[in-house]
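Here the structure is laid out as structure tokens; the discussion comes afterwards.
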There are 2 protein chains.
Amino acid sequence: MTKRQRSIQRREEALSRDSIIEASIALLDRGGEDGLTFRALSEQLATGPGAIYWHIANKSDLLTAACDALILRTMNQIATTTPEKTIRAVALALFDVNEAHPWVGSAITSTPGASPVVHILERIGQQIRALKVPAGHQWAAVDTLVAFILGVCRQNAANCDLARARNLDRAHFLEAVSTAWSQLDETEYPFTRSVAGRMRNHDDRADFLAGIDLILAGIPSLKPRSRPQLKHSASSVR
Amino acid sequence: MTKRQRSIQRREEALSRDSIIEASIALLDRGGEDGLTFRALSEQLATGPGAIYWHIANKSDLLTAACDALILRTMNQIATTTPEKTIRAVALALFDVNEAHPWVGSAITSTPGASPVVHILERIGQQIRALKVPAGHQWAAVDTLVAFILGVCRQNAANCDLARARNLDRAHFLEAVSTAWSQLDETEYPFTRSVAGRMRNHDDRADFLAGIDLILAGIPSLKPRSRPQLKHSASSVR
DNA sequence: ACCTGAACACCGTTCAAGT
DNA sequence: ACCTGAACACCGTTCAAGT
């Protein structure tokens, strides 16, 4: 029985890195990071779990590759116009990939220095250069923007994971957070309470863009000449 | 034999949520998120893995609790002075906890809306209010700052994890990234190549503070009156 | 060269049974 | 009420054996 069954559902094409990555993306989209399993993957590809290791090094490699495929696709769709506009476009595009594939934000931050991050750094870095930010401050501007973008993506990805874990959709999850916040102690948590209502129906995407604009608004402060650097930040703590 | 051994190394005090959390922090500090295991934990506490479940709900609960313990301790050490100074102090304190306990950045972003994040939101939110940012823009300012802070912490935590996985210390890890970046294609990755050298010995903490200052520098742009809101960000994409 | 799938060394979590 | 520890249902990864 096993023999016939196997020969029937055997894949026709040979395994390849690309087909493995595509199947991984599908699994990740359906079940998040936990949904990507060597057993589920090998079943989908009609092979054994060991076969996958011929094409990829390990799970972390696989996750990075899946992430990079999406990031690369996304970056290539963005037209370069004015620096500010391009930065906003890159940021929004990343925000949107992460909404469509809510594991990207988590995967990308797990592989610092690797390919996906580099593609983003480069794209934004070129725009910061075009803005004529002095060489000594370019890194600060790029680092800040990228940390913010990845920070938001990561948070949204975490929201999705948590919602999934509790079998809630996003709206119900946000509502639960909102209610919890509005029940906090009034004297100890005045601010959080005051924004609890806003949580319920707020527009993540608009908030995100407001953050990008806020950072962009600060960039001119880097321009005229280097601001007096504060002494206490001159050397690392470790 | 098992009987004597057990009665010898039996703990004297009863298990408690707090003692479990302390032991968890120690394990996390030594081995990162992977280092926290119910088996390792129960061994350290001289009990069985099942006993822990009497005091905590699950691993995620445990991680959040360990994180919250540290965040709370940290926040209570910060004196409130001027709004800008306090925001910088909060940010730097969080940066430093994350350096000392490099799993915090990861744990905190995994539990959106939960206690650790709320403590940070609240503390920063109160300062943004003190800065007289208009009510309608307070959330944007706080959200941006917190997303940036958590983004950086998460990146640093990921750096540590990756370095640990490769049995490198932080310096060697950064050097590896730096060399990899400097070998990128010159025409396709001009910016990343140009910052590769800076990676090698750069000061994370100063860069972080520069990012905070950059965002703070943008905050006055929220003040005079609401800037014309861009139409394309008016409603969510999903 | 590429694939198979059983086996290994782990996980988090549960639960009958004890005190 | 609190603890025990074996057992369950998973993981990622390896590797002898096949084609």
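Throughout, a chain's letter reflects where its sequence line sits, starting with A, and its residues are numbered from 1. Worth knowing before you read on, the calculation uses all heavy atoms, side chains too, and leaves out hydrogens, waters and symmetry mates. Keep in mind it's a predicted model, so treat the numbers as computed, not measured.
Among the duplex regions that DNA chain C forms, those built from at least three successive Watson-Crick or G-U pairs under 3.5 Å are C:4-8 with D:12-16, C:12-16 with D:4-8, ordered by first number.
Note on A:T37: only backbone sugar-phosphate atoms sit closer than 4.0 angstrom, heavy atoms only; bases stay farther off.
For B:D169, the CG atom is densely surrounded, since the number of other residues' heavy atoms within 6.0 Å is greater than 12.
B:L27 places its CG atom 11 Å from the P atom of C:dC11, with the value rounded to the nearest Å. Atom CD1 in B:I52 sits about 14 Å away from atom C1' in C:dT14, given to the nearest Å. Regarding B:E43, its CD atom lies at a distance of 12 Å from the P atom of D:dG5, rounded to whole Å. Rounding to whole angstrom units, CZ of residue B:F38 and P of D:dG5 are separated by 17 Å. The OH-C1' distance, from B:Y53 to C:dT13, rounds to 4 Å in whole Å. As a whole-Å value, the separation of B:L45 CG from D:dC2 P is 16 Å. For the pair B:D34 CG and D:dG12 C1', the interatomic distance rounds to 12 Å; values are reported in whole Å.
Contact check of residues 54-67 of chain B against DNA chain D (heavy atom, cut-off under 4.0 Å) returns B:W54, B:H55.
The ring-ring contact (aromatic ring centres under 6.0 Å, His included) test applied to A:F191 returns no partner, not counting sequence neighbours.
Mapping B:R39 and B:S16 onto DNA chain D by nearest heavy atom places B:S16 closer to the 5' end of the strand.
In the set C:dC3, D:dC11, C:dT13, C:dC3 carries the atom at the smallest distance from any side-chain atom of A:A51. When distances are taken from the side chain of A:L15 to each of D:dG5, C:dC3, C:dA6, the shortest belongs to C:dC3.
A donor-acceptor pair under 3.5 Å links the side-chain atoms of A:W181 to the main chain of B:G113, judged by distance alone. Proximity of a side-chain donor or acceptor of A:N98 to a complementary backbone N or O of A:G105 within less than 3.5 Å is detected.
Note that the CD1 atom of A:I20 and the OG atom of A:S42 stand 10.0 Å from one another [nearest 0.5 Å].
For the pair B:Q44 and B:A26, the tightest heavy-atom approach, listed with the atom from each and the gap, is OE1-CB, 4.2 Å.
Note: B:F208 and B:F148 have parallel aromatic rings, judged against thresholds of 30 and 60 degrees for the angle between ring planes.
Here the options are B:T64, B:D61, B:L63, the test is side-chain contact (heavy atoms from CB on, under 4.5 Å), and the partner is B:T111; only B:T64 passes.
Distance check on atom C1': C:dC8 versus D:dC11 gives 12 Å, rounded to whole Å. D:dC3 sits 13 Å from C:dA16 when the C1' atoms are compared, rounded to a whole Å.
Using a cutoff of 4.0 Å between basic side-chain nitrogens and carboxylate oxygens, B:E175 and B:R166 are not scored as salt-bridged.
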